[in-house]
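Okay, structure first, notes after.
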Amino acid sequence: MSRFKFELRNTPQWQNLEKSYKEVRKISLRDLFKDENRFNKFSIREDNLGLTFDYSKNIINSDVFRLLMEFVKAAGVNERARRMFSGEKINWTEKRAVLHTALRNRSGKPVYVDGKNVTTQIDAVLKKMEKFSDDLRSEKWRGATGKKITDIVNIGIGGSDLGPKMACEALKYYAHGLSVYFVSNIDGADICEVLKKLNRETTLFIIASKTFTTIETITNALTAREWITGRLGKDAVAKHFVALSTNAGKVKEFGIREDNMFEFWDFVGGRYSLWSAIGLPIVCYIGFDKFVEFLEGAYYVDLHFLNTPYEKNIPVIMAALGFWYNNFFGASTHAVLPYSQYLCRFPAYLQQGDMESNGKTIDFEGNKVDYETGPVIWGEPGTNGQHSFYQLIHQGTKFIPCDFIGFIKPLEEVGDHHEKLMANYFAQSEALAFGLTEDEVIKNLEKTGVSPADIELLSPHKTFEGNRPTNSILIDKLTPRTLGALVALYEHKIFTQGIMWRVNSFDQWGVELGKALANVILPELKGEKTCDKHDSSTRSLIEIFKSGRKE
Ligand code: G6Q
């Protein structure tokens, strides 16, 4: 099939960046910081969020920054963002609108999909979530034996798990009343270990699945249903199960009443769904008012993204810098390092958000790209990471741009823990940027009386090249509002990069393939079918597994 081929790398915007890269890669951050005004030039303060975004420790000068902004402009990010927000079907391979932004639209303005104002439906579901969580928290909703519900188990996977799990962990300081657990893995160990801790009479299951056909979720849900009905009887399902889904038919088939189903829609992608009914565990955990604050934080960033010129637009700049390193410096990974234990699930959440969105090779016209797209996203909370993988970031051969996320006020004020934590936050990005020259190392060793022979031995090992770029996001305090804002910043960064790379950030055919593959082998493992089509490796491994199961 012959398709029009858009040669992104031949555009003047790409070519200009390519030329600049050859110059700029020779410049060091030590040199760039001779400009005392650099922080002022390359940082943004959002007073309404209490958020500072410092991108001065990046390998850019004013010319590169201008060229990056020209690239974003030529890509048409703003125009495409407007199309997304207004409900156009920008997810063209699934013929769907992309409206996670409508879920947190606090303006009261309508948003139409196929001529229908979706904000009416969204508000109705939000009200239903409010009522349900109030009933649960005020003990009006009780289990089948009349006992109050004390524990909630969310059963879901991927987009129906990672978002609420990350947010509940992040906002646990604000929680009161109910405990929340998450079960996602089809490995029976996941659900069994959770159930061991729980009492049937006081446990409520939230079955979260957009399609309500995902094998992991349905298998876990059936196990949970058996666990409840085995002791409390069939009728207990009504008081111990609710569903979050777009598939009313399948929910009913499972035995959950329609009034116990919280609906969402095709225009909400799984990995963007924590703002929808998928956020129900968050609502139950921290209360509806706090959930609204979470939505408001994201809405604030939506307006920032839509209305701020590119040069002051935080997600656009995050995207442009990531693109700079990914496509010119050859950086294939990007680390996200939150200096907050509460954000321990944030990197895992972003892995899905980013890698499922931009892990693509086919461009707008259906051609294979001839440049790099989405990077590998990874990270752990500081300071834990410092005692494991930071060595490689500082002194390894890989080039890894990092985001440092920190807070000014801790939620738990204990002794000087917070000063110690944040001393590390500041020290690490400083060390990564400026390193330590061999001369400096030698002087330090001389001062401490190390022998000349040992200085010769040690100095190359103790030298740090520096010039490792970082962004610092420094926020006054972790609240539902600032968490909502942080998530939305990354969502729009991902969106912007998808446009820059000219890929559809909103489909996930790779995930769909995974959903189908295991179904072929399952009947073979159960001995219901044999198959001679496997390669010798797969066939032998299956045989070893089956004979091991018989023992
Ligand atoms: C997310 C993906 C994927 C999805 C899971 C669960 O964007 O679509 O991660 O969320 O596969 O799917 P269900 O919610 O349909 O069970």
Side-chain angles (χ1 to χ4, degrees), residues 84 89-101 103 125 153-167 182-187 190-191 205-225 241-254 256 261-282 345 347-360 374 377 487-488 490-492 494-495 497-498 503-519:
M84 172 171 75
K89 296 193 175 168
I90 62 161
N91 175 359
W92 71 93
T93 56
E94 295 181 312
K95 300 191 172 46
R96 288 177 184 169
V98 175
L99 277 178
H100 45 284
T101 52
L103 301 166
V125 173
V153 182
N154 187 83
I155 297 182
I157 196 164
S160 302
D161 167 72
L162 288 160
K165 190 168 174 178
M166 176 280 292
F182 289 85
V183 169
S184 53
N185 202 319
I186 200 163
D187 181 347
D190 200 3
I191 190 155
F205 292 91
I206 297 180
I207 313 300
S209 177
K210 184 169 164 179
T211 54
F212 229 77
T213 55
T214 306
I215 186 168
E216 290 88 345
T217 301
I218 300 307
T219 306
N220 278 320
L222 288 170
T223 300
R225 193 178 69 182
F241 283 84
V242 299
L244 321 175
S245 189
T246 57
N247 192 342
K250 287 275 174 205
V251 169
K252 213 168 149 201
E253 220 174 87
F254 182 87
I256 297 177
M261 168 176 150
F262 297 80
E263 195 192 1
F264 63 113
W265 310 271
D266 271 353
F267 58 76
V268 183
R271 55 195 171 277
Y272 298 93
S273 64
L274 80 173
W275 321 100
S276 72
I278 289 293
L280 188 66
I282 315 172
R345 295 290 307 167
Y349 168 72
L350 277 187
Q351 278 182 329
Q352 187 198 19
D354 200 313
M355 291 160 74
E356 204 169 275
S357 297
N358 288 337
K360 310 282 165 68
I377 302 291
V487 173
Y490 278 94
E491 281 182 352
H492 293 315
I494 294 164
F495 173 81
Q497 290 189 328
V503 297
N504 182 359
S505 302
F506 298 105
D507 60 13
Q508 58 284 310
W509 299 107
V511 180
E512 308 305 331
L513 174 71
K515 287 187 178 185
L517 280 181
N519 289 334

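Both ligands and their constituent atoms are indexed starting at 1 by order of listing.
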>> Are the side chains of Thr246 and Thr211 in contact, using a 4.5 Å heavy-atom criterion?
In response: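 The answer is no; the side chains never approach within 4.5 Å.
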
>> Using 0.5 Å steps for rounding, measure from the CZ atom of Phe495 to the OH atom of Tyr272.
In response: 9.5 Å

> For the atom pair CD1 (Ile206) and CD1 (Ile155), what is the distance rounded to the nearest 0.5 Å?
Replying inline: 10.0 Å

> Pick from Gln508, His100, Gln352: which one makes a side-chain hydrogen bond (donor to acceptor under 3.5 Å, both in side chains) with Arg271?
Replying inline: Gln508

Evaluate [X] for polar contact with ligand 1, using N/O atom pairs at a separation under 3.5 Å.
{"X": "Gly159", "value": "yes"}
{"X": "Thr217", "value": "no"}
{"X": "Thr211", "value": "yes"}

>> Is it true that Trp275 and Glu491 share a donor-acceptor pair across their side chains at a distance under 3.5 Å?
In response: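 The criterion, which ignores hydrogens and geometry beyond distance, is satisfied for Trp275 and Glu491.
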
Close-contact set for ligand 1 against [X] heavy atoms, below 4.0 Å:
{"X": "Thr214", "value": "12 (O), 13 (P), 15 (O), 16 (O)"}
{"X": "Ser209", "value": "13 (P), 14 (O), 15 (O), 16 (O)"}
{"X": "Ser160", "value": "10 (O), 13 (P), 14 (O)"}

> atom 3 (C) of ligand 1: which of Lys210, Glu356, Arg271 has the nearest heavy atom?
Replying inline: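 Heavy atom nearest to atom 3 (C) of ligand 1 belongs to Glu356.
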
At what distance is the nearest protein heavy atom to [atom], and which residue and atom is it?
{"atom": "atom 9 (O) of ligand 1", "value": "Gln352 NE2, 2.7 Å"}
{"atom": "atom 12 (O) of ligand 1", "value": "Lys515 NZ, 3.3 Å"}
{"atom": "atom 5 (C) of ligand 1", "value": "Ile157 O, 3.5 Å"}

>> I'd like to know whether Tyr349 forms a ring-ring contact (aromatic ring centres under 6.0 Å, His included) with Tyr490, so could you lay out the CA-CA distance, the side-chain angles of the two residues, the decisive distance to 0.1 Å, and finally the verdict.
In response: CA-CA 11 Å; Tyr349 168 72; Tyr490 278 94; 9.3 Å; no

> Between Asn91 and Asn504, is a side-chain hydrogen bond (donor to acceptor under 3.5 Å, both in side chains) present by the stated rule, with each step listed?
Replying inline: CA-CA 7 Å; Asn91 175 359; Asn504 182 359; 3.0 Å; yes

> How does Gln508 reach ligand 1, by side chain, by backbone, by both or by neither, if only non-hydrogen atoms under 4.0 Å count?
Replying inline: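 Near ligand 1, Gln508 shows its side chain, while the N, CA, C and O stay back.
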
> Does the distance from a Lys or Arg side-chain N to an Asp or Glu carboxylate O, for Arg96 and Asp507, drop under 4.0 Å?
Replying inline: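 No, Arg96 and Asp507 are not salt-bridged.
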
